[in-house]
Structures are given as structure tokens and as C-alpha cells.
2 protein chains.
Amino acid sequence: MTDTTDAMGADAAALADRIHAAGLKVTAVRLAVLHALESAPHAGADALFTAVRGDVTGTSVQAVYGVLTSFTAAGLVRRIEPAGSPARYELRTGDNHHHVVCTGCGAVGDVDCVVGEAPCLTPSNTGGFSAQSAEVTFWGLCASCQRAERA
Amino acid sequence: MTDTTDAMGADAAALADRIHAAGLKVTAVRLAVLHALESAPHAGADALFTAVRGDVTGTSVQAVYGVLTSFTAAGLVRRIEPAGSPARYELRTGDNHHHVVCTGCGAVGDVDCVVGEAPCLTPSNTGGFSAQSAEVTFWGLCASCQRAERA
DNA sequence: CCGTTGTCTTGACCGATTCAAAACAACTAA
DNA sequence: TTAGTTGTTTTGAATCGGTCAAGACAACGG
């Protein structure tokens with residue numbers, strides 16, 4: 001039992017199980033990244049590194065990138081890359097939900113596309129392409145940027 | 001009249017007009033970029049530079065970036081950034097069409113989203129965000145990658 | 001044809017991410 | 001419980017796509 005697991009309290013075991021169930025070794029950095037992603041969804045690599053740095057001493061950005069790469073490959077996290085901003089990572093995988101990106105500050109929110117997924121996300125003419133998945137990104141303003149806009 | 005305009009034949013005047021109409025000065029690099037984009041839609045900056053290099057001697061990648069930036073600002077071209085690949089540029093602006101990206105080779109195709117734009121591209125819960133535009137990206141395989149897949 | 005204004009050239013620089021080798025730690029099996 | 005194997009992290013450098021800045025230069029209106 002290390003300081004790292006202590007810092008996360010009772011969740012640590014559950015996090016470790018999820019990592020282990022994905023066929024990955026349980027390490028301090030991985031626990032810290034998973035923990036950070038739970039409290040900060042849609043975080044980028046640098047934000048995660050900052051968070052991880054608080055839990056694990058002597059770690060590096062490359063370690064975080066490595067963790068994120070293995071997590072993504074294992075299906076534990078999903079990577080999104082909004083145009084014009086560094087990659088973000090989230091724990092909601094499996095359900096294919098979509099995202100809203102704030103054009104002001106770059107904040108990202110989740111969007112469940114409820115209505116008529118079938119009709120509109122089936123392209124009309126794909127010009128020989130076989131479309132296998134669709135990804136929707138909405139662009140707008142987040143709550144606080146809307147407030148700032150009015151001022 | 002330079003070699004550049006000669007190489008493009010009768011189109012040169014039309015291209016020059018479009019650049020001029022956008023409020024930009026007509027230069028050799030700009031003509032070459034516009035010409036290259038007509039024969040290679042969804043081209044990236046390096047592909048455009050390679051094409052431009054054939055028309056204009058002694059030019060640079062930065063010049064192409066500069067042209068693309070001013071073109072984008074002027075509304076002459078639209079910039080798209082598929083996840084995991086460098087930015088692409090296209091001349092179809094105004095109509096908000098969408099794209100298919102080949103997961104095999106990165107090729108990009110246009111897609112007109114015909115059906116039910118209103119219902120499905122209006123998100124259900126935006127969590128305080130004000131969605132102003134929607135962007136759809138389809139992922140699949142292009143014709144030649146489908147063929148390669150079967151082999 | 002001249003002057004102004006905007007564009008291009010040249011070269012350095014930056015952020016985000018990846019690569020590589022060696023040190024190291026987690027898990028497995030004895 | 002411990003040793004070995006295998007996978008991870010550390011450390012450091014390098015790559016890729018793109019931007020920034022200053023001076024040289026060219027387009028276009030007058």
C-alpha cells in the first residue's frame with residue numbers, strides 16, 4: 001500500500017480493478033490518471049499531468065502519454081481531438097455520444113444525440129466510401145463565455 | 001503575364017477574379033494554390049506546397065500557409081482538421097456539407113447530409129452550452145482501401 | 001510611373017506528441 | 001517468499017505540423 005492509493009481513499013481498489021480487468025498492470029501513475037479523469041472529464045494531457053504530479057512524485061509527461069495510449073488501446077478511455085485544440089480524454093466509452101466545444105475557451109461538454117440517429121447520420125452519397133461510424137461535434141459557447149459575451 | 005498564369009491557361013483570369021473579389025492581391029503563389037485546390041480538393045498544406053512548387057519557383061511552405069490563412073479568413077477556402085491528420089483545405093464553402101475520412105489512408109470525401117438536418121443535429125442536452133453549428137465526420141474505408149482489405 | 005500597403009522570403013521558434021534505451025516495478029509461478 | 005519475466009516508467013532527444021517576426025519585395029490605386 002503506497003501513499004498514492006491512500007490519497008484516493010476507498011476508490012483505489014475499484015480503480016485498480018478496472019485497470020486490471022483491462023489486462024493492464026496496476027501502477028501508481030495509472031491509478032492517478034484514472035482518478036484524475038474521474039474528477040476532470042475531457043481533460044487534456046497537460047492537465048492530467050498536473051493532476052498526476054500531485055499524487056505521484058518524480059513522474060513525467062511522457063508517462064502520462066504512455067498511460068493514455070495504453071488506456072485508449074484497452075478501451076478504458078476515449079480520445080477526442082477537437083479542431084484547434086490538443087487531444088482530450090474521457091472515461092465514457094462504448095456509448096457513442098457526441099460533444100459540444102466552446103469556441104471561446106475550448107471547454108468540452110457531452111451531448112447525447114437522442115433524436116433520429118438513423119436518418120441523419122446515414123450519409124446520402126459517400127462517393128465510394130463505406131461509412132462505419134459517425135462523429136458529431138457541436139460548436140458554440142459555454143455558459144460562462146455566454147455571460148462574458150453579454151458584458 | 002508570367003509563366004505561372006500561362007501554365008494555367010484560360011482559367012487564370014477567372015482565378016484572379018475570385019482572389020480579387022475577396023479583397024486580396026493577386027499573386028503567383030495565390031493563383032497556384034487556388035489552381036492546385038481545384039484539381040486536388042481536400043489537399044493538405046504539404047501537398048499544396050508540392051503542387052505550387054511546380055508552378056512557382058523559389059517559394060516556401062510558409063508562403064503556402066500564409067495564402068491558406070488569408071484565403072480561409074476571406075472565406076475562399078474552408079479548413080477541416082480530421083483527428084489524427086494534418087489540416088485539409090477545400091474550396092466548397094458556404095454550403096455546410098460534411099466529410100468521410102478513410103481510416104486506412106486518410107483520404108477525405110464530401111458528404112451532403114440530406115435527411116433531417118433539423119431533428120438530429122439539434123442536440124438534446126447541451127449542459128449550458130449554446131450550440132451554433134454542427135460538424136459531422138464519418139469514418140470508414142475509401143474504395144481502394146476496401147479493395148485492399150478484401151485481399 | 002510612383003508610393004503605399006500588403007505579401008513573400010528567410011530563418012527561428014513553439015506546442016503537442018512520439019521515439020528509444022536503459023532502469024525499474026508489477027505480477028506469475030515455483 | 002522470492003526470483004524471473006514481462007511490461008512500464010524514466011530520461012532525453014527528436015519529430016511533425018504549424019506559427020511568429022523582420023526585412024525584402026511586389027501588386028495595385030492614384
Side-chain angles (χ1 to χ4, degrees), chain A residues 1-5 12-13 15-17 19-34 43-50 52-53 55-74 76 79-89 106, chain B residues 1-5 12-13 15-34 43-50 52-53 55-74 76-77 79-89 106:
Chain A
M1 186 75 66
T2 69
D3 291 337
T4 301
T5 48
L15 296 180
D17 281 352
I19 295 173
H20 199 81
L24 299 169
K25 289 184 178 173
V26 179
T27 70
V29 185
R30 287 183 174 168
L31 281 171
V33 168
L34 202 50
D46 62 339
L48 289 173
F49 171 60
T50 304
V52 165
R53 183 180 244 167
D55 293 344
V56 185
T57 59
T59 193
S60 61
V61 201
Q62 289 84 338
V64 174
Y65 275 111
V67 168
L68 290 171
T69 302
S70 54
F71 276 7
T72 305
L76 270 180
R79 174 190 179 131
I80 61 174
E81 299 179 46
S85 83
R88 311 301 187 88
Y89 300 85
Chain B
M1 187 75 65
T2 69
D3 290 335
T4 300
T5 47
L15 297 180
D17 280 351
R18 281 166 66 185
I19 296 173
H20 199 81
L24 300 169
K25 288 184 178 174
V26 179
T27 69
V29 184
R30 287 183 173 168
L31 281 171
V33 167
L34 201 51
D46 61 339
L48 289 172
F49 171 59
T50 304
V52 166
R53 182 181 246 168
D55 293 345
V56 186
T57 59
T59 191
S60 60
V61 200
Q62 288 85 339
V64 174
Y65 275 113
V67 168
L68 290 171
T69 301
S70 55
F71 276 7
T72 305
L76 270 181
V77 311
R79 173 190 178 131
I80 62 174
E81 299 180 44
S85 82
R88 312 299 188 89
Y89 300 86

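No hydrogens, no waters, no symmetry mates; every other heavy atom, side chains included, goes into these values. A, B, ... follow the sequence lines: proteins, then strands. Residue 1 opens every chain.
Residue-to-nucleotide proximity on DNA chain D shows that, of A:Ala63 and B:Pro86, the 5′-proximal contact is made by A:Ala63. Each of B:Tyr65 and A:Leu24 lies near DNA chain D, and the nucleotide nearest A:Leu24 is the one positioned closer to the 5' end.
Taking atom CZ of residue B:Phe71 and atom C1' of nucleotide C:dT7, one finds them 12 Å apart after rounding to whole Å. Rounded to whole angstrom, the span from the CZ atom of B:Phe49 across to the P atom of D:dC16 amounts to 16 Å. Going from atom CG of B:Asp46 over to atom C1' of D:dG18 covers 12 Å, rounded to whole Å. The CG-C1' distance, from B:Leu48 to C:dC8, rounds to 17 Å in whole Å. A:Arg30 places its CZ atom 9 Å from the C1' atom of D:dT9, with the value rounded to the nearest Å. Protein atom CG of A:Leu15 is 16 Å distant from nucleotide atom P of C:dA26, rounded to whole Å. If you take NZ of B:Lys25 and P of C:dT4, they are 13 Å apart, rounded to a whole angstrom.
At the phosphate of D:dT11, neither OP1 nor OP2 sits under 4.0 Å from any side-chain N or O atom of A:Ser60. Distances shown here put every side-chain N or O of A:Ser70 at or beyond 4.0 Å from the OP1 or OP2 atom of D:dT8. When the side-chain nitrogen and oxygen atoms of A:Thr59 are compared with OP1 and OP2 of D:dT9, none of them lie within a distance under 4.0 Å. The phosphate of C:dG6 has neither OP1 nor OP2 within less than 4.0 Å of any side-chain N or O from B:His20.
Residue A:Val67 is in sugar-phosphate contact alone, with no base atom involved, counting any heavy-atom pair closer than 4.0 Å across all strands shown. Residue B:Gly58 is classed as a sugar-phosphate contact, given heavy-atom separations below 4.0 Å to backbone atoms only. Contact annotation for B:Val61: no contact, since no heavy-atom pair falls under 4.0 Å across all strands.
If you take CZ on B:Arg88 and CG on B:Leu68, they are separated by 13.0 Å, rounding to the nearest 0.5 Å.
Looking at B:Gln62, its side chain has no donor and acceptor atom pair within 3.5 Å of the base of D:dG18.
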